Enquirer: 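Provided herewith is a single structure, encoded as structure tokens, for subsequent inquiry.
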Amino acid sequence: MFKKTHLLILLIFSAWQLQHAQTPIDKGLAVINKNVLQSQLTFLASDWFEGREATTQGASMAADYLRSLFQQSGLQPAGDDSTYFQKVPLVINTLPTDASLEIATPKHNLTFIYGQDFLLQAPSSGYTMSGAIAWVGYGTDGLQQKKLKDRIIVRLSGLPENASKELLVLKTQELTNLKNKMAAEAGVKAILEYDPNDPDLKNLPSPTITRNPENPVSGIYSRRYMLPGEQTAEVPVVKISKSVATQIIPNLDKQLEDWRQNGVIPSIGATGTIQAKAANIHKSCRNVIARLQRSEFPNEIIVVGAHYDHLGSYDGFIWNGADDNASGAIGVAAIAAAFKATGIQPKRTIIFANWTAEERGLLGSRYFVNNFKQIKKVICYHNYDMIGRSYDPKKSDMAVSLMYSKTWPKAEILSDRFNKEHNLGLNINFSPWDNPTSGSDNAFFAKQGIPIMWYHTGGHSEYHKPGDHAEHIDWQKLEAIIKNSFLTLWELANE
Ligand SMILES: [Zn+2]
């Protein structure tokens, strides 16, 4: 009798254990928790970090905080000299501190004021340019036929109304780059650019940034960051105000109207001289990198990354970048913690990375890809950039895009499967991508032919504005996206 009772108790206990036994995956999922995410993200996107702009103290503190999360989870350091940090050297071009523009016409010689009448981009070296000024309209076609060698051109910004579809789809910066390239190929010495919609140069970064509560401009656009050895010689671009344009093209408005209506080329009889003094500063910033060592498959590595830098702090405003990209940086730390919580060593090595200087041209991830000796072993790259928002911050929509290399449909198959199997409730917009070599830190992995996947919850009205705050984050959705990633990566690491 006693024995039977004993056996029965044992059976009941075993059944209870079976029902409640946590699998390794359950243990991993259990540590991805919206309360933890909220506490970490809110701290990382707080004013203490001063907008985490690469090379600033705020960014150094952010890197150290993210290092502490990797270390706390028990990951191994994978940066320089057995640390969690990889030093990324930079060359920084600042706006010229001193510049001059002179316009000589048959009637007079005029000198203009830098910062008021004209503005410059950050050049990679100082220069003095002189030459006759020629008209090129918008500068989008026929430059080769215009005999522009060694000329200074005057160009309108933007595009004509009848521009081709190929040009109309370009983003502002892409269009500018293309127009500058055309000018360089035609042998142009310097470009004077006039924007009739901004006659007083109010919409551009100035060497003296003035506070405008209506439309604060982050100062990052007044400096250019590059990796050493990647500087390129460029045709200088000078943005001129209407006061300068009027001296070059007399009766400016009438001549422009005549040109638009009847194709009459504006008459110019002026030469220009431009001088700029440039300063190159050498600085460095840091990627934060940790490793989870494999148990099998020595030749296969997975990289999971997100940038932690943002736009900094200027003139009384702090760009906290809660969605862009504290959400992704905390997400990477959460996946790392979940892998450790399973108690199982994955079959494949995983590198977890928080990149620096993404906002400056994807420099942290680019530096990693250029210098990682085992880059040929990387079988896929998983990216987070902005994974925290619902379109309407007051209404959770559970929508997320998963962009992935078209040649690698597995990303979609796994992500879709785990969303359903674990009832994560995500509404995933799957976007296969022919050539994922732009947009975020996926770019330089994709250029190496490495398949990529990138979760992204889309643009919003606070994008790249000081208002990108933690209070707008959708915590439930953030948790679901990170769980989806963990499940997908777990499969990829152990299949
Ligand atoms: Zn971003």
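Start at 1 and go down the list; that is how both ligands and their atoms are numbered. Keep in mind that the numbers below use all heavy atoms, side chains included, and drop hydrogens, waters and symmetry copies. Fair warning: this is a prediction, and the values are worked out from it, not measured in the lab.
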Enquirer: Restricting to N/O/S, name the atom of D385 that gets closest to the Zn ion (ligand 1).
Expert: OD1
Enquirer: Is D324 close enough to the Zn ion (ligand 1) to have an N, O or S atom under 2.8 Å?
Expert: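 An N, O or S atom of D324 is closer than 2.8 Å to the Zn ion (ligand 1), so yes.
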Enquirer: Using atom types as modelled and distance alone, determine if a side-chain donor or acceptor of K179 lies under 3.5 Å from a backbone N or O of G158.
Expert: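 Between the backbone of G158 and the side chain of K179 there is a qualifying donor-acceptor contact (under 3.5 Å).
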Enquirer: Is H310 close enough that one of its N/O/S atoms sits under 2.8 Å from the Zn ion (ligand 1)?
Expert: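 No, H310 does not qualify, because none of its backbone or side-chain N, O or S atoms lies under 2.8 Å.
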Enquirer: For residues 391-400, tabulate all N or O donor-acceptor pairs below 3.5 Å that involve a side-chain atom, not counting sequence neighbours.
Expert:
from : atom 1 : to   : atom 2 : distance (Å)
D392 : OD1    : K394 : N      : 2.9
S396 : OG     : D474 : OD2    : 2.7
D397 : OD1    : S390 : OG     : 3.0
D397 : OD1    : A399 : N      : 3.0
D397 : OD1    : K477 : NZ     : 2.7
D397 : OD2    : Y391 : N      : 2.9

Enquirer: Just checking Y308 against H310, ring centres under 6.0 Å apart?
Expert: no
Enquirer: Of all heavy-atom pairs between F297 and E495, which one has the smallest distance, and what is that distance?
Expert: CE1-O, 4.0 Å
